[in-house]
Amino acid sequence: MNRNPIAESYDLKWLEVERPQPLADQKIEQLQQDVLNGKIDRDITDQVYENFKHETEQWLLSSPFNTFTGLDSFVRKDIIIGCTQFIDNLYMQGPVQVLHDDYRYHQRLGYAYFKDVGSLIPDIPLIIAMRFPKVGAPHQDMEEILNECLVKKIAVHIDGAWISCCRDITFDFSHDAIRSVGISLSKGLGLGWNRIGLRWTKDTKSDSITIMNDFHMNLRAPAMIGLHFVRTLPADYLWFTHGESYYKVCRDFELTPTRSIHLALRNNQPVGVSPLIRYLENAKG
C-alpha cells in the first residue's frame, strides 16, 4: 500500500522532482497491517460516521504546530472520499477557476479557468489549495486573494488535502469569501490507500456530498479505518517524529525548508524529500 520508497543511498538523485510523494514510516505501515489483520474497532453502526466527523475535527484543532480557527462558522460537516471528491463535486456544479501553479489535477481535468491574483473572474468559484503546491505553504497573497474574491462575489473553496502534514500555519476560515473547506487524512497519516476526510460548508444546499451523508451512503470501512489512525496518531505526528531528519536533509542538500514535511525548495522549485527522510530514519535502526 505504501508508495513512498526508502532511498538506497543518501544522495541528491533521490529528490523527487516530478511527483513528490507523501511521507509514511514504519509506524504508519504497522497500522496498515493492523487494518489488514482486523486489529481495529469494528463499529459497523451508523454512529461511526458521527464519531469520525467529531473526532477528526478535534484531532485537526488539537495541532500544537498550527492554529486553525473559524470552523465553527460553518453550518454543515460532511464526510468526503478525500479531497478529490471535494474538488469533483465543485466541478459538477458549474465553471470554476484556479490560480496558476495550483494542484495539477486541475490541469489534467482541463475544465478550469486558470487565472492570476488580481485578474480573477467575478462570480466564478475559486478553488485554492492550502498549502499551495508551488511553495509548500499558504499562498503568499492569501489575504489579497480573499479580499479580491469578496469584492468580486467569488465563492472560495479551500482544498486542504495537504493541511494535515503542514506546520506553522495560522489561519481563520471564517472569512466571508470562504464557502467551504475540505481536508484529507491521506497526507498526514499515510491514508492515501483509504481516502477519507471532511468537508465544512457555510451553505445548506443539497449536492452529491450532502446526499451521500444524509442517506448514509458512505462506506463504513474507510470511516472505521480513519478513526483507528486518528485515535492512534496525534496531529502533527510526522513533524514530531521526523522533523529533525527533514531539516537535516534541507541542510545537507542546501534546500529551502517549507511548511510541508515531505517538500522542500531547490532553486525555488518544489522537490520531494520523503525517500531521504526515510533513509535517515532507517539508518537509526
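Below, all heavy atoms of this structure are taken into account, side chains as well, without hydrogens, waters or symmetry copies.
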Does I163 form a side-chain contact (heavy atoms from CB on, under 4.5 Å) with V181? I'd like the steps, not just the answer. CA-CA 11 Å; I163 208 167; V181 179; over 6 Å; no
Checking side-chain contact (heavy atoms from CB on, under 4.5 Å) for the pair I79/L198: CA distance, chi angles, key distance, verdict? CA-CA 5 Å; I79 292 174; L198 286 181; 4.3 Å; yes
I'd like to know whether L109 forms a side-chain contact (heavy atoms from CB on, under 4.5 Å) with D88, so could you lay out the CA-CA distance, the side-chain angles of the two residues, the decisive distance to 0.1 Å, and finally the verdict. CA-CA 10 Å; L109 286 177; D88 288 349; 4.3 Å; yes
Steps toward side-chain contact (heavy atoms from CB on, under 4.5 Å) verdict (T258, L265): CA-CA 7 Å; T258 72; L265 299 180; 3.8 Å; yes
Between Q30 and D34, is the side chain to side chain donor-acceptor pair (under 3.5 Å) condition met? List the steps. CA-CA 6 Å; Q30 181 56 58; D34 289 347; 3.3 Å; yes
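In this structure, the side chain of E55 does not engage the main chain of V230 through any donor-acceptor pair within 3.5 Å. Side-chain N or O atoms of D159 include one that pairs as donor or acceptor with a backbone N or O of A161 at under 3.5 Å. With E16 contributing its side chain and Q21 its backbone, the two residues share a donor-acceptor pair below 3.5 Å. Looking only at distances, no side-chain donor or acceptor of E50 sits under 3.5 Å from a matching main-chain atom of D46. Between the side chain of N37 and the main chain of K39, no donor-acceptor pair closer than 3.5 Å is present. Proximity of a side-chain donor or acceptor of S184 to a complementary backbone N or O of C83 within less than 3.5 Å is not detected. A donor-acceptor contact shorter than 3.5 Å links the side chain of T241 to the backbone of Y237.
At least one side-chain heavy atom of M212 sits under 4.5 Å from a side-chain heavy atom of I81. Residues I178 and F171 form a side-chain contact, since some pair of their non-hydrogen atoms from C-beta on lies under 4.5 Å apart. Residues T210 and N213 have side chains not in contact (no heavy-atom distance under 4.5 Å, counting atoms from C-beta outward). Side-chain contact between S260 and K187 is absent, with no heavy-atom pair separated by less than 4.5 Å. Taking the side chain as every heavy atom from C-beta outward, I28 and L238 approach each other to under 4.5 Å. Looking at heavy atoms from C-beta onward, I158 lies out of side-chain contact with W200 at the 4.5 angstrom threshold. Looking only at side-chain heavy atoms (C-beta outward), I87 and I127 come within less than 4.5 Å of each other. Counting only heavy atoms from C-beta outward, the side chains of L23 and Y246 never approach each other to under 4.5 Å.
We find the CD1-OG distance between I211 and S206 to be 3.5 Å, quoted to the nearest 0.5 Å. For the atom pair CZ (F52) and CZ (R231), the distance works out to 11.0 Å, reported to the nearest 0.5 Å. Note: D101 CG to H139 NE2 = 8.0 Å, rounded to the nearest 0.5 Å. Between the CG atom in L185 and the SG atom in C165 there is a gap of 11.5 Å [rounded to 0.5 Å]. Atom NE2 of H106 sits about 9.5 Å away from atom CG of L99, to the nearest 0.5 Å. Between atom CD1 of residue I145 and atom CG of residue L120 there is a gap of 7.0 Å, rounded to the nearest 0.5 Å.
Applying the salt bridge (charged side-chain N to carboxylate O under 4.0 Å, His left out) test to residues at least two apart or on different chains, the pairs with a partner in residues 127-150 are E148-K152.
Side-chain contact of D203 with T201: a donor-acceptor pair under 3.5 Å is absent, judged by distance alone. Side-chain contact of S180 with H157: a donor-acceptor pair under 3.5 Å is present, judged by distance alone. Between Y279 and D11, the side chains place no donor N or O within less than 3.5 Å of an acceptor N or O (distance only, hydrogens not considered).
Heavy atoms of other residues, nucleotides or ligands lying less than 6.0 angstrom from CG of D116 number more than 12. Other residues, nucleotides and ligands contribute over 12 non-hydrogen atoms within 6.0 Å of the CZ atom of F114. Within 6.0 Å of atom CD in Q58, more than 12 heavy atoms from other residues, nucleotides or ligands are found, so the atom counts as buried in its surroundings. The number of heavy atoms from other shown groups lying within 6.0 Å of CD (Q140) is above 12. Counting heavy-atom neighbours within 6.0 Å of N268 CG, excluding the residue itself, gives a total of 12 or less. Residue-environment remark: CZ (F240) exceeds the threshold of 12 foreign heavy atoms within 6.0 Å. Residue E254 places its CD atom among 12 or fewer non-hydrogen atoms of other residues, nucleotides or ligands, all under 6.0 Å distant.
L126 and C149 make their closest contact through CD2-SG, 3.8 Å (heavy atoms, listed as atom of the first residue, atom of the second, distance). The shortest non-hydrogen separation linking T232 to H228 is OG1-O, 2.6 Å. For D78 against I209, the heavy-atom pair with the smallest separation is CB-CG2, 3.7 Å. In plain terms, the two heavy atoms of L263 and P270 that are nearest each other are CD1-CB, 3.9 Å. Of all heavy-atom pairs spanning P20 and V271, the tightest one is CG-C, 4.2 Å. Closest of all the heavy-atom pairs between L71 and F173 is CD2-CD1, 3.9 Å.
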Donor-acceptor pairs under 3.5 Å, side chain of residues 59-67 to any protein atom, not counting sequence neighbours: which ones?
| residue | atom | partner | partner atom | Å |
| --- | --- | --- | --- | --- |
| W59 | NE1 | L233 | O | 2.9 |
| S62 | OG | W59 | O | 2.7 |
| S63 | OG | F65 | N | 3.3 |
| S63 | OG | N66 | N | 3.0 |
| S63 | OG | N66 | ND2 | 3.1 |
| S63 | OG | D236 | OD1 | 3.3 |
| S63 | OG | D236 | OD2 | 2.6 |
| N66 | OD1 | D168 | N | 3.1 |
| N66 | OD1 | I169 | N | 2.9 |
| N66 | ND2 | C166 | O | 2.9 |
| N66 | ND2 | D236 | OD1 | 3.4 |

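Here M92 is tied to no hydrophobic group at all, with no ILVMFWY side chain closer than 4.5 Å.
For R76 and D207, the salt-bridge test fails: no basic side-chain N is under 4.0 Å from an acidic carboxylate O. R278 has no carboxylate O lying under 4.0 Å from a charged side-chain N of E281, or vice versa, which leaves the two without a salt bridge.
Ring planes of Y49 and H216: parallel class, angle under 30° (limits at 30 and 60°). W239 and Y247 have tilted rings, their planes meeting at an angle from 30° to 60° on a 0 to 90° scale.
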